Enquirer: 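Handing you this structure, nothing more for now.
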Amino acid sequence: MTSAPRIDVSTSLRDGGAEPTSQELAELAASLATDVLFTLPLGSAGGAEPDATWQLTGERASGTAAVYYAEGRTHLRKPFLFADGFNYGPSDLPALYGHFNTPYEEGRPGFLDQLRARGFDIVLIGFDERHTHIQHNAEVARQAILRTVAERLGGEPLVVGGVSMGGIITRYALAKMENDGYDHQTATYLSYDSPHNGAWIPLVLQQMAYFFEKLAPAEPSQAALIRSPAAQQLLWAWVPDSTYTGEVATASELRREFVRELADLGNFPRRPRLLGVTNGRGDGVGRPLPAGEIAFDWQAIVASATARFQPDKGTEQPIGGMHAGLQVRRSTTSEVPALDGAPGGTLDSFGKVADAISAKISEEYRSGAFVPTVSAAALDHDPVTWDVDPNLDLLDQAPDRFHLDDVGFDTDNTTHGQVTAPLAEWILDRLT
């Protein structure tokens, strides 16, 4: 029987060294960047001003909706509700609109402008605390759905979904509304590179976030974001601190509870047509990141950090280490798949950390998978044991292997949440 995926950390003291002075620690802290966040990069705000803004309040969370009517319209008639994704603090809905409306081809309108030209009224759903529990923000999404139904003229059914975690929030909200007897009047659910079976942040980078947090505190810190309820619920493999030894797929009780709760609700809403797109390729071709090889190796006078790409399963495979002063920590994993190079929506996680500590890193090593394609495509596999080949050719799978009714794949492994021509055209083709 295969053992559960796990991490082991060993701690030792360096030979022939001395504890750093307070001045050396201060100089080290000053050299470390503190604004590293493993999140969807939206860029600056831009785009149209909303025609209306709604305040949304649930029992445990609150948020805002920005409403953009279709061309030539002054009321809701054909609603397209789209929820924001994972990050720290409140949503920036102007930036979200600008991101999804940035033209993906020269001479063509942005994706949201094309939807509005085809008669859709855009309702962007934002959250006051994007990092809180998914179930809490699902209450905000439910309020947006109910407000939309109440204000809509006519009987046109809703399209409801979101990007990244926003697709999970709305997935849960719709399923919970069905379970609670609410009529959500939604005909189509749409997820955009959402981690249906879990997201991936390399375990060694999670450890480094915790390790360096003590040297260079910040608010918000990357470590605080990793500790947040939403991160715990989204990440397939998670560690609570830099010294944790144990199983990684079940380390968070919040994730275990959320997976169980989704299963009790039927995993997905039953009434809508279920659509999803992934920023990853569907043919099983990932990024050329050699499993187990060093991504970056940083050496300073009083500290060091080495990160390896995740090895492919095996027993006690080294993933890296770090030290500050005399204390040295080295980490290994067992039975954890090589997800960094898997096909999927990418984040420049290795690049962000390397830049933060001024470590040299090759350009081709900066980005790895954040939402593997097998997760965004909602392939039917266990979201805890991950009994699946992350490099599986999904174009060759039968439709009943997926929870979604239809899936759109990108032609390359592109940045998580990026609007690309293949994905935008796929959505437009199926909605209009």
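It should be emphasised that the depicted structure is a prediction, and the values quoted were computed from it without experimental measurement. All values below come from the heavy atoms of this structure, side chains included, with hydrogens, waters and symmetry mates left out.
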Enquirer: Is there a donor in the side chain of T306 and an acceptor in the side chain of D297, or the other way round, less than 3.5 Å apart?
Expert: yes

Enquirer: For the residue pair H75 and E151, confirm or rule out a side-chain donor-acceptor distance under 3.5 Å.
Expert: no

Enquirer: Please check this pair: side chain of Y104 against backbone of P422, looking for a donor-acceptor N/O pair closer than 3.5 Å.
Expert: no

Enquirer: Can you list, pair by pair, the side-chain donor-acceptor contacts under 3.5 Å of residues 388-398, counting residues two or more places apart and other chains?
Expert:
| from | atom 1 | to | atom 2 | distance (Å) |
| --- | --- | --- | --- | --- |
| D389 | OD1 | N391 | N | 2.9 |
| D393 | OD1 | L395 | N | 3.0 |
| Q397 | OE1 | R401 | NH1 | 2.8 |
| Q397 | NE2 | D393 | O | 3.0 |

Enquirer: Could you walk me through whether R171 and N267 satisfy the side-chain contact (heavy atoms from CB on, under 4.5 Å) test, starting with their C-alpha distance in whole Å, then the side-chain angles of each, then the deciding distance to 0.1 Å, before giving a yes or no?
Expert: CA-CA 8 Å; R171 167 187 165 188; N267 278 314; 3.9 Å; yes

Enquirer: Side-chain contact, heavy-atom cut-off 4.5 Å: V9 with S242?
Expert: no

Enquirer: Relative to each other, are the rings of F268 and H196 parallel, tilted or perpendicular (30° and 60° limits)?
Expert: tilted

Enquirer: Take F82 and I122, measure what side-chain contact (heavy atoms from CB on, under 4.5 Å) needs, and give me the verdict at the end.
Expert: CA-CA 8 Å; F82 200 68; I122 309 299; 5.6 Å; no

Enquirer: Nearest 0.5 Å, what's the CD1-CG distance between I201 and L347?
Expert: 7.5 Å

Enquirer: State, to 0.1 Å, how close L404 and S191 come at their nearest heavy-atom pair, and which atoms those are.
Expert: CD1-OG, 4.3 Å

Enquirer: Is the shortest side-chain heavy-atom distance between P79 and V67 below 4.5 Å?
Expert: no

Enquirer: Mark yes when over 12 heavy atoms from residues, nucleotides or ligands other than Y182 sit less than 6.0 Å from its OH; otherwise mark no.
Expert: no

Enquirer: Can you confirm whether S252 sits close enough to F258 that some side-chain heavy atom of one is under 4.5 Å from a side-chain heavy atom of the other?
Expert: no

Enquirer: What distance do F370 atom CZ and H416 atom NE2 have between them, rounded to the nearest 0.5 Å?
Expert: 5.0 Å

Enquirer: Can you check side-chain contact (heavy atoms from CB on, under 4.5 Å) on E129 and H136, steps first, answer last?
Expert: CA-CA 10 Å; E129 290 189 353; H136 297 186; over 6 Å; no

Enquirer: Walk me through it: do R329 and Q207 pass the test side chain to side chain donor-acceptor pair (under 3.5 Å)?
Expert: CA-CA 10 Å; R329 297 175 188 173; Q207 289 182 315; over 6 Å; no

Enquirer: Provide the closest heavy-atom pair for R366 versus K352 in the form atom of the first, atom of the second, distance.
Expert: NH2-N, 4.2 Å

Enquirer: Which pair of non-hydrogen atoms, one from A305 and one from M208, has the smallest distance, and what is that distance?
Expert: CB-CE, 3.7 Å

Enquirer: For F211, enumerate each residue passing the ring-ring contact (aromatic ring centres under 6.0 Å, His included) test, keeping only those at least two apart in sequence or located in another chain.
Expert: none

Enquirer: Does T278 use its side chain to pair, donor to acceptor, with the backbone of G280 at less than 3.5 Å?
Expert: yes

Enquirer: CD1/I7 to CD/E247 distance, rounded to the nearest 0.5 angstrom?
Expert: 12.5 Å

Enquirer: Less than 4.5 Å apart, side chain to side chain, heavy atoms only: is that true for N137 and Y172?
Expert: no

Enquirer: So, do L339 and Q310 sit near enough that their side-chain heavy atoms are less than 4.5 Å apart?
Expert: no

Enquirer: Are any side-chain N or O atoms of Q317 and backbone N or O atoms of G292, one a donor and one an acceptor, separated by less than 3.5 Å?
Expert: no

Enquirer: Keeping the roles fixed (side chain from D405, backbone from L275), state whether a donor-acceptor pair exists under 3.5 Å.
Expert: no

Enquirer: Got a sec, which residues hit salt bridge (Lys or Arg N to Asp or Glu O under 4.0 Å) with E105, two or more places apart in sequence or on another chain?
Expert: R108

Enquirer: Could you check whether D128 and S62, counting side-chain N and O atoms only, form a donor-acceptor pair closer than 3.5 Å?
Expert: yes

Enquirer: Does any N or O in the side chain of R130 come within less than 3.5 Å of the main-chain N or O of G89, such that one atom is a donor and the other an acceptor?
Expert: yes

Enquirer: Return the set of residues passing ring-ring contact (aromatic ring centres under 6.0 Å, His included) with F120 (not counting sequence neighbours), or none when no residue passes.
Expert: none

Enquirer: Do F350 and S362 touch side chain to side chain, with heavy atoms closer than 4.5 Å?
Expert: no

Enquirer: In terms of side-chain geometry, is the basic nitrogen of R73 or D51 positioned less than 4.0 Å from the acidic oxygen of its partner?
Expert: no

Enquirer: Just so I know, are the side chains of R118 and Q114 near enough to count as touching, which here means a heavy-atom distance under 4.5 Å?
Expert: yes

Enquirer: Give a yes or no answer on whether the side chain of Q232 reaches the backbone of W238 with a donor-acceptor pair at less than 3.5 Å.
Expert: no

Enquirer: Does R116 make a cation-pi contact with Y69 (under 6.0 Å, within 45 degrees of the axis)?
Expert: no

Enquirer: Check S194 against S164 and note the closest heavy-atom contact, atom names and distance.
Expert: OG-O, 2.7 Å

Enquirer: Counting distance only, does the side-chain N/O of D387 pair as donor-acceptor with the main-chain N or O of D382 below 3.5 Å?
Expert: yes

Enquirer: Could you pull out all residues at least two apart from E253 that satisfy side chain to side chain contact (heavy atoms under 4.5 Å, CB included)?
Expert: R256, E257, R260

Enquirer: How long is the straight-line distance from CG of L190 back to CG of L81, given to the nearest 0.5 Å?
Expert: 11.5 Å

Enquirer: List the steps, then state whether side-chain contact (heavy atoms from CB on, under 4.5 Å) holds for R308 with V204.
Expert: CA-CA 8 Å; R308 294 177 179 269; V204 68; over 6 Å; no

Enquirer: Are any of the side-chain heavy atoms of R255 and T250 separated by less than 4.5 Å?
Expert: no

Enquirer: Using every non-hydrogen atom in the two residues, find where V336 and W236 come nearest and quote the distance to one decimal.
Expert: CG1-CZ3, 4.1 Å

Enquirer: Kindly say whether A231 contributes a backbone atom to a donor-acceptor pair with the side chain of S228 at under 3.5 angstrom?
Expert: yes

Enquirer: Given 3.5 Å as the limit, does a donor-acceptor pair link the side chain of R281 with the main chain of T373, or not?
Expert: no

Enquirer: Is R271 reaching over with its side chain to a backbone N or O of T186, donor-acceptor style, under 3.5 angstrom?
Expert: no

Enquirer: Taking all non-hydrogen atoms of both residues into account, name the closest pair between A141 and F127 and its distance.
Expert: N-CE2, 4.4 Å

Enquirer: Are the aromatic rings of Y192 and F100 close, with centres under 6.0 Å apart?
Expert: yes

Enquirer: For R270, give me all partners under salt bridge (Lys or Arg N to Asp or Glu O under 4.0 Å), at least two apart in sequence or on another chain.
Expert: none

Enquirer: Say you draw a straight line from CZ of R152 to CG of L158; how long is it, rounded to the nearest 0.5 Å?
Expert: 6.0 Å

Enquirer: Calculate, to the nearest 0.5 Å, the distance between atoms CD1 and OH belonging to I294 and Y365 respectively.
Expert: 10.0 Å

